[in-house]
Structures are given as structure tokens and as C-alpha cells.
Colleague: 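Below is a structure I'd like to ask you about.
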Amino acid sequence: MWKNKLFDDITKLVQQHRLGKALYQLESYLLANAHQTELSELLTLKDDYQLMADYWRKGFDDPKREEVYLQLLRRLYVLTTNVAIHDRIRNTSFLLSAYSRSRQARKNWSVATLQADLEGYVSEVALLQLEPEHVRQQKSQQLYATHQRMMNDLFDYIWTSRSWRDSMAGAFETILLSPTIDPIDQQLIVSAVMLSAMNAFDFNKFRVLTTVYAQAFDEQLRQRALVGWVLCAASSKASLYPEMPQIVARLCADERCRQELTELQLQLVYCAQADADSQKIRDEIMPELIRNENIKVTQRGIVEMDDDKMEDILHPDAAEQRLERVEENMRKMADMLKQGSDIYFAGFSQMKRFPFFNDVANWFVPFYPQHPGVSSIWEGVKAKKFLKMITGVAAFCDSDKYSFVLAFDQVVSRLPQQMLEMVEQGEAHPVPVGGEVPIEVQQRPDFLRRLYLQNLFRFFRLFPYRSEFVTPFGPRPCIFFANSLFRGTELEQRMPEVASFLAKRKQFEAAKNVLSNVSSKHHDYQYLMLKAHVLMHQDVGDGAELITMNRVAELYDRALRLQPGDARATKGHARALMACHRYEEAFEDYEQLLTQPTVNRSTELNAAVCLVNMKRYEEALKLLYKLNYEQPDEPQSNRVLAWTLAVSGKYEQAQKLYDKLLSASKPQPADMLNYGYCLWFKGDVVSAVSMMRQYKDQQKEAAIGEELLHTEYQLIRDHGISDADIHLMLDYLGE
């Protein structure tokens, strides 16, 4: 996407309310680039600013100065946005083509004329029913073709448009909420408004989308509007448009809206994992289905064809096992579909190269058989019933339905005639991979929204000029629950739910951002536990881990104040304290846990680790001997026991355990290092050097100087090893 940093800089100044400096920078640009119309508008704005500034300098008290200042900032933001849009169009051939074509195709884009044309189209379609069959067919083709060309032009006109005035926004609200306009046209217009507002935020377009979402009766239109306003909601513009957080708060006050926003957030996460889902299908499911080529899926279930008689004799259970495997893989696909996975993306991504998809609008237009791009196929193919069935029961998004019809036209002649005849005569029923979707499910808001998101995902991933659009499908999923516009709204009630969902998928950074958007009044026990869990598992990098773990300990401490003695919070608190090397405090928690009726091994092991670090070796050994007796071959407890024996001077016992640990098929490098310490403490320097060299050979980039001189320095000195000995060891190890 073409970007001019100057406009970003000016916009930031406007958002910071630095009106004078922003005016100066935009004026300099307009003077240098001969933007006469915009320059004239800017000079008017500058005069208004100067007038306000003059009154201020003279000491006049103007109670509306703050309001006037904000109005000037808005005017400057809109002007800057319009100039930036013009700059992008001028420097991008694709945008210039879309902009010019839509305006050359139709000179009069006045909203009144547009509304009349849209309403006239609905009337003409209704009147077609009065015509004789042969006349109706000819007229309908011409009518749909003309109208779709106009809608393609309108789509391009809207998404390349500049900022809308209040009157323009109001007029489009009327069109989008009118019962006399075709819902397909309304849905397409909403998508165009969304694309435009995502590329360059426009408060009036945002307002149109929220109004349509709140007031529309058509569910598909509502869901498109919902996705639209969420994806273009720019929190950075809230200081310019304080009405925006007010609108968001008002919408979030409705339980239905909160539920739909929560579903939308989860669906966006599922969209982002389409590649992983496709790989799973490609690597795990499809090979198994392909291996069973004599299996056929019918309306009555999965059946086997052309049985091999010899196979029946040699392996009588093989046929049944094959059927079970196929059914299991089909169930996997159906389960993935039900939970929200995009199981069709990989297959249909290869079908987006038809000329049909050269028009941006065709990626967003709801599927209807009369679309000029597919109507001749739909009406002309012999297997019309097959097409109608498969597009009616499959969970295909609109884009994939068009792809399916276009691709089917190319392969229908190669399909077995008998199969097509069986479908046409009702003797067979085609079942899509993943299974049928009942009509009542297809009409649910969450299902409609999911399919629309899949339309968007395909466009932003596959459209040749997708780089010219701001995409919500980047390397990481779009987490709008972290948008500060939702902070302080009633949606906060659902934020922990979304954060938990993200944490279960190990997206801890995203989960943390969502939780950070929850205001303190909602910091209850569950919130504190979840926040601590997320921070504990977050990858914070070197240097920040100790700070983070102290923060985790604080969160668990707050949770314990709300629920004193709670076992989960106590365990978490103890683990966090251990990570901070606060072993005495951690052991206090573990002592409490050890008194409970049921104690798990990890609690006993961690308690022993604390005791070792507190140099209470005999107490630690009591716990560790018990664990070793219960599970003699469990490596983790043996590892701690071996180290405890080594540091407490029981070298022979420690050596036996280290020999056992290092005889494993994949010994841990840390065991080599710790065994080296054990041998060194014992006085066997030759063997200690050998073992530490093995550790360094295993860990190619390992350097143990820091450990010897700092981390374990005092422990080493306590075992009678001098500074000279330490430095000699480092010399032998080449450090």
C-alpha cells in the first residue's frame, strides 16, 4: 500500500491536538503540490483558527473555545485524510483505475438518483413475473446484467470515496435501512463502506455501520454491519470524536450485542488459523480418505463399492475397519466445521483465478443464481438440481459458492452421466465434505457472520491487489477486545472469557492485552487468577522475567486475599515466588499445601526444591526419598534427589543416580553439568572437567562462566573450592 509518512505525521499531530503545527505542515505540502481546492479549504480553516487565536491572545473569555478547537481539529483531520486518499489514488495504478472507471461509468452519483435506481430495480424484478416465460428470461438477463454493472461501479465508487459529510452519511443510512431496496444491494454497499473506512477512518462511515447494525431487520445485513464497524473502529480517533466511545458503550449495553461481539472475536481467531486447519486436513484427513477410493458417501451413509472377494476371505474385518476409518475422518471434518474452522479454504483458494474475481465487488456480493457471472451456467447446465442441492446444504461462503459453480461448469462434462441422472431424478443426494448444514443453522446470526468472515479472509489473502487494502488478517489474529474503545463498557464482563479462550490456545500476549483492557472494578478472583496464569506463561524475554514473576506473585496474593487458603491460588503463588528465588516465602505456601488431605507429587517436589535452596537438606531428603520410593524411575524427582545428595555431601549416592539419569536414551544436558559439580565437590577434578566438557559439547553455545562466578558461586565456595580453582576450571573449558 502506498503511504506518505507526512500524512501520518500530520494525523498524529491532530490526534495530539497540535492544531497550529499540523496546519503549517499540511499547508507546506499543499503549496508544494498545487492542490488548489484543498489549499483553498485549508486557508479558510486557517483563518478560523487565527480568529480564535486572536481572541485568546486579547484575553477574551470564550466558553465555547474548547468546542471550536475540537471542530477545527476535525475539519483538519478530514482534510488531511482526503488529501492522503488523493495521494494514494494518484500513486497507485489499481486505485486510480477503480476510481476513474466508477466515475466515468456514471457521472451522476447523487444519493437521491441512486436511491431511485435501486428502488426501480426492485420494481422491475417484480414486474418480470407478469411477463411470458420467453420474454421474462430475456428481460431478466438484461436487467440483472445492467444492475450488476451498476453495483460494481457503485462498490468501487464507495470504497475509493473521500470522507463523507453528515448529509451523505444520512442519505446512505436511509438507503441501507429502506425496505424498498434489495437486501443483496444493501449488503454489498455495507461491505464497500467497511473497506473504505478501514483504509482511511471516516467517522461518518463508522456511524452509518453502527446505525445499520442497531436498526436493520435483515440479519445478513446486520452481521455485515457488525463486522464492518468493529474492524474500522479506530481508538486513536476517539479524542477527535468523543461520540465514538459513546456509540460503542451504548451498543455494548445490549446483551445481544455483547454476545455477538464475543462470538465475532472467537471467529476472528478461528479465521486466523485457516492455514493450520488446511494443513491438518491435507496431512491427516485427506490421505486416509484417498486410500479408501472404493468408499462412497451417499444420503444413506457411507457404503463400500466393488468388494474384493479375496480380500473378504483373507481379511474379513478389513472392510468394516475401512468404513470406520472413513467415518471417523468425516466426523473430524464435521467437528472442525462445527467449532468454527474454515475447512474449505485450501480447496477453494485454487478456484479464485476465474475472471469473475477480477472485480472487487464480486468477492463480497451475496450469492444469487441470477448473477450475470454464473446465471448462464446455473440455467444451462444439466445438473441444475445438483448445483442447487450442494450450494444449499454446504457451509460454503458466498465467494466459494461462486467458485463452485464456475469450476463445476468446467468439469460437469467429465462427470459420470449416471451419477448426474440419479441426482436429477432424486435417487441420490450429494453430501459435501464436512456434512450438511441444516437450514435452521444456516439462518443463525453466528453462522451468517462466520461465512461473511470467510469471504473477507479469502479476499484479503487471495485478491491480487490485496496489498492496497488494510487487512484485519495479519500475522496475528485481530484482537479487537483489546481496543480501548471497549474499555469501561459492559463488554468488559466478557473479556475474561475471551482471554481464557486465547490462553488455552497459547496466545498469551493477546490474552494479556485483552485483560489489560479490563478496568479495576472487574478485577475479581477469576480475573486475578487468569491474569496471573497468562503472565506466568508469557514469553517476556531476558531481563524482564523477574519483574513479571513478582507481578504474578502479587496477583496471586490479591486472589488469596479474596479467597484465603484457596489451593489453586496458593500453588500459583508458591510457583511464582520460586521463580523469583523467594524460597522461604514459597515454602510457607507449600507447608500449607502439604497439610491438605490430598497432596500431589509436584507440590512435594517443589517443597523439596525450596528446602534445598534454603540449605535444609535433611528435610528435603525426607520428601525426596519418599517420592523415589513411590516411583523409583521418575526422572524429575530423581534429578532433584541427585542434586540434593550432591550438595549435602552424599557423593556416592548422588553418582549412582546421575549414572542412571545419563543412561537414558536422551539424557538432559543439565544433568551432565550437575554431575560435573558433584564430581568437583567430591574432589575428582579430572572426571568433573570431562563431564563439564560433555555438557559444553551438547550445548553448542553454552557458557558456564556466569554460573560459576555468580549463580552458583557461593555454593561452590561452600564446598571448599577456591577462586583459583574456579578460574582454572574456566580455563580448561575454554572460557
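Small disclaimer: the values here were computed from a predicted structure and weren't measured.
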Colleague: I would like to know whether R224 and S191 meet side chain to side chain donor-acceptor pair (under 3.5 Å); could you show each step before the answer?
Modeller: CA-CA 7 Å; R224 287 198 177 207; S191 295; 2.9 Å; yes

Colleague: Checking D275 now: which residues fulfil salt bridge (Lys or Arg N to Asp or Glu O under 4.0 Å) with it, not counting sequence neighbours?
Modeller: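 Only R461 meet the salt bridge (Lys or Arg N to Asp or Glu O under 4.0 Å) criterion with D275.
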
Colleague: Does the side chain of D156 come within less than 4.5 Å of V360's, by heavy atoms?
Modeller: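 Side chain of V360 against side chain of D156, heavy atoms only: contact under 4.5 Å found.
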
Colleague: Is any side-chain N of the basic residue among D87 and R90 closer than 4.0 Å to the acidic one's carboxylate O?
Modeller: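 A salt bridge is present here (some side-chain N lies under 4.0 Å from a carboxylate O).
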
Colleague: Could R162 and E41 be called an ion pair, given the rule that one side-chain N must be under 4.0 Å from one carboxylate O?
Modeller: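 Judged by the 4.0 Å cut-off on N to carboxylate O distance, R162 and E41 do not form a salt bridge.
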
Colleague: Does any N or O in the side chain of Q265 come within less than 3.5 Å of the main-chain N or O of F481, such that one atom is a donor and the other an acceptor?
Modeller: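 Confirmed, Q265 side chain pairs with F481 backbone.
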
Colleague: Between R256 and D254, does any side-chain N to carboxylate O distance fall below 4.0 Å?
Modeller: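 So R256 does not pair with D254 through a salt bridge.
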
Colleague: Look only at the side chain of T210 and the backbone of R207, and say whether a donor-acceptor pair between them is shorter than 3.5 Å.
Modeller: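 Yes, the answer is positive, given that a donor and an acceptor are paired below the 3.5 Å cut-off.
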
Colleague: Checking side-chain polar atoms at under 3.5 Å, does Q267 have a donor or acceptor matched by the opposite partner on E263?
Modeller: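 There is no such pair between these side chains.
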
Colleague: Between E260 and Y213, do the side chains contain an N or O donor and an N or O acceptor separated by less than 3.5 Å?
Modeller: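 Yes - a donor-acceptor pair under 3.5 Å links their side chains.
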
Colleague: Apply side chain to side chain donor-acceptor pair (under 3.5 Å) to D185 and list each qualifying residue two or more places apart in sequence or on a separate chain.
Modeller: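 Side chain to side chain donor-acceptor pair (under 3.5 Å) check on D185 returns H147.
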
Colleague: Is the backbone of F460 close enough, under 3.5 Å, to the side chain of T471 for a donor and an acceptor to pair up by distance?
Modeller: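 Side chain of T471 to backbone of F460: no pair is present.
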
Colleague: Less than 4.5 Å apart, any side-chain heavy atom of L114 and any of W109?
Modeller: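 A side-chain contact exists here, since the closest heavy-atom pair is under 4.5 Å.
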
Colleague: Please check if the side chain of N204 supplies one atom and the backbone of W164 the other of a donor-acceptor pair under 3.5 Å.
Modeller: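 Here the side-chain-to-backbone pair exists.
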
Colleague: Output yes when a side-chain donor or acceptor of T174 lies under 3.5 Å from a complementary backbone atom of G170, and no otherwise.
Modeller: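 Indeed, once roles are kept as given, a pair shorter than 3.5 Å links the two residues.
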
Colleague: Who are the salt bridge (Lys or Arg N to Asp or Glu O under 4.0 Å) partners of R450, not counting sequence neighbours?
Modeller: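 Applying salt bridge (Lys or Arg N to Asp or Glu O under 4.0 Å) to R450 gives none.
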
Colleague: Please list, chain by chain and in numerical order, all residues satisfying side-chain contact (heavy atoms from CB on, under 4.5 Å) with Y465, sequence neighbours excluded.
Modeller: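 If we apply the side-chain contact (heavy atoms from CB on, under 4.5 Å) test to Y465, skipping adjacent residues, the hits are F94, F463, E468.
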
Colleague: With rounding to the nearest 0.5 Å, note down the distance linking SG in C232 to NZ in K205.
Modeller: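 C232 atom SG to K205 atom NZ measures 10.0 Å (nearest 0.5 Å).
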
Colleague: Side chains of Q223 and E219: donor-acceptor distance under 3.5 Å anywhere?
Modeller: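 There is such a pair (donor and acceptor under 3.5 Å, judged by atom type) between the side chains of Q223 and E219.
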
Colleague: Does the gap between the ring centers of F469 and F459 come in under 6.0 Å?
Modeller: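 Between F459 and F469, which both carry aromatic rings, the centre distance is below 6.0 Å.
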
Colleague: Return the set of residues passing side chain to side chain donor-acceptor pair (under 3.5 Å) with S349 (not counting sequence neighbours), or none when no residue passes.
Modeller: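 S349: no side chain to side chain donor-acceptor pair (under 3.5 Å) contacts found.
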
Colleague: For L96, enumerate each residue passing the side-chain contact (heavy atoms from CB on, under 4.5 Å) test, keeping only those at least two apart in sequence or located in another chain.
Modeller: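 Counting only residues at least two positions away or on another chain, L96 forms a side-chain contact (heavy atoms from CB on, under 4.5 Å) with I89, S100.
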
Colleague: Do E243 and R250 meet the salt-bridge criterion of a basic N to acidic O distance under 4.0 Å?
Modeller: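 So R250 does not pair with E243 through a salt bridge.
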
Colleague: Kindly write out the residues that satisfy side-chain contact (heavy atoms from CB on, under 4.5 Å) with A216, not counting sequence neighbours, or none if the list is empty.
Modeller: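 Here the qualifying residues are L177, V212, L221, R222.
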
Colleague: Between I479 and V269, is any pair of side-chain heavy atoms under 4.5 Å apart?
Modeller: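 Side-chain contact under 4.5 Å: yes.
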
Colleague: With A233, which residues qualify under side-chain contact (heavy atoms from CB on, under 4.5 Å), at least two apart?
Modeller: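 A233 satisfies side-chain contact (heavy atoms from CB on, under 4.5 Å) with F206, N483, L485 once adjacent residues are dropped.
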
Colleague: Give every residue pair that meets the ring-ring contact (aromatic ring centres under 6.0 Å, His included) criterion with at least one member in residues 242-271, sequence neighbours excluded.
Modeller: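 Found Y270-F501.
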
Colleague: Has R353 got more than 12 heavy atoms of other residues, nucleotides or ligands less than 6.0 Å from its CZ?
Modeller: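 Open: at most 12 neighbouring heavy atoms sit under 6.0 Å from CZ of R353.
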
Colleague: For Y99, give me all partners under side chain to side chain donor-acceptor pair (under 3.5 Å), at least two apart in sequence or on another chain.
Modeller: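 Applying side chain to side chain donor-acceptor pair (under 3.5 Å) to Y99 gives none.
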
Colleague: Going by salt bridge (Lys or Arg N to Asp or Glu O under 4.0 Å), name the residues that satisfy it together with R103, two or more places apart in sequence or in a different chain.
Modeller: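 Not a single residue meets the salt bridge (Lys or Arg N to Asp or Glu O under 4.0 Å) criterion with R103.
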
Colleague: How about Q259: does its CD atom have over 12 heavy atoms from other parts shown lying under 6.0 Å from it?
Modeller: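 For Q259, atom CD is crowded (more than 12 foreign heavy atoms under 6.0 Å).
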
Colleague: Measuring from atom CG of L268 to atom CD of Q273, what distance do you get when rounded to the nearest 0.5 angstrom?
Modeller: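 Result: 11.5 Å between the selected atoms.
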
Colleague: Ring centres of Y29 and F7 under 6.0 Å apart?
Modeller: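 For Y29 and F7, the ring centres are under 6.0 Å apart.
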
Colleague: Given F364 and Q187, is the side chain to side chain contact (heavy atoms under 4.5 Å, CB included) satisfied, shown in steps?
Modeller: CA-CA 8 Å; F364 298 89; Q187 292 172 52; over 6 Å; no

Colleague: Could you check whether any side-chain heavy atom of R106 comes within less than 4.5 Å of a side-chain heavy atom of D153, counting everything from C-beta outward?
Modeller: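 When only atoms from C-beta onward are counted, D153 and R106 do not touch, as no gap falls below 4.5 Å.
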
Colleague: State, with a plain yes or no, whether a side-chain heavy atom of T11 is found less than 4.5 Å away from one of K237.
Modeller: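 T11 reaches K237 side chain to side chain.
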
Colleague: Hey, is D202 close enough to R165 for a salt bridge, meaning N to O under 4.0 Å?
Modeller: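 Judged by the 4.0 Å cut-off on N to carboxylate O distance, D202 and R165 do not form a salt bridge.
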
Colleague: Rounded to the nearest 0.5 Å, what separation is found between the OG1 atom of T489 and the CG atom of L261?
Modeller: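 Going from the OG1 atom of T489 to the CG atom of L261 covers 8.5 Å.
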
Colleague: Out of curiosity, L264 CG to L453 CG, how far, rounded to the nearest 0.5 Å?
Modeller: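 Here the rounded value is 6.0 Å.
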
Colleague: If you measure only the distance, is there a donor-acceptor pair under 3.5 Å linking the side chains of R136 and S140?
Modeller: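 Absent: no donor and acceptor within the cut-off.
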
Colleague: Applying ring-ring contact (aromatic ring centres under 6.0 Å, His included), run through F396 and F367 and close with a yes or a no.
Modeller: CA-CA 10 Å; F396 294 166; F367 180 79; 9.9 Å; no

Colleague: Would you say the side chain of F203 lies within less than 4.5 Å of the side chain of M244, judging by non-hydrogen atoms?
Modeller: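 Yes, close enough: below the 4.5 Å cut-off.
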
Colleague: Should I10 and L6 count as side-chain neighbours, where that means a heavy-atom distance under 4.5 Å?
Modeller: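 Yes - at least one pair of side-chain heavy atoms lies under 4.5 Å apart.
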
Colleague: May I have all residue pairs that pass side chain to side chain donor-acceptor pair (under 3.5 Å) and include part of residues 358-374, sequence neighbours excluded?
Modeller: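 Applying side chain to side chain donor-acceptor pair (under 3.5 Å) to every pair that reaches into residues 358-374, excluding sequence neighbours, yields Q148-Y368, N152-D359, N362-H371.
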
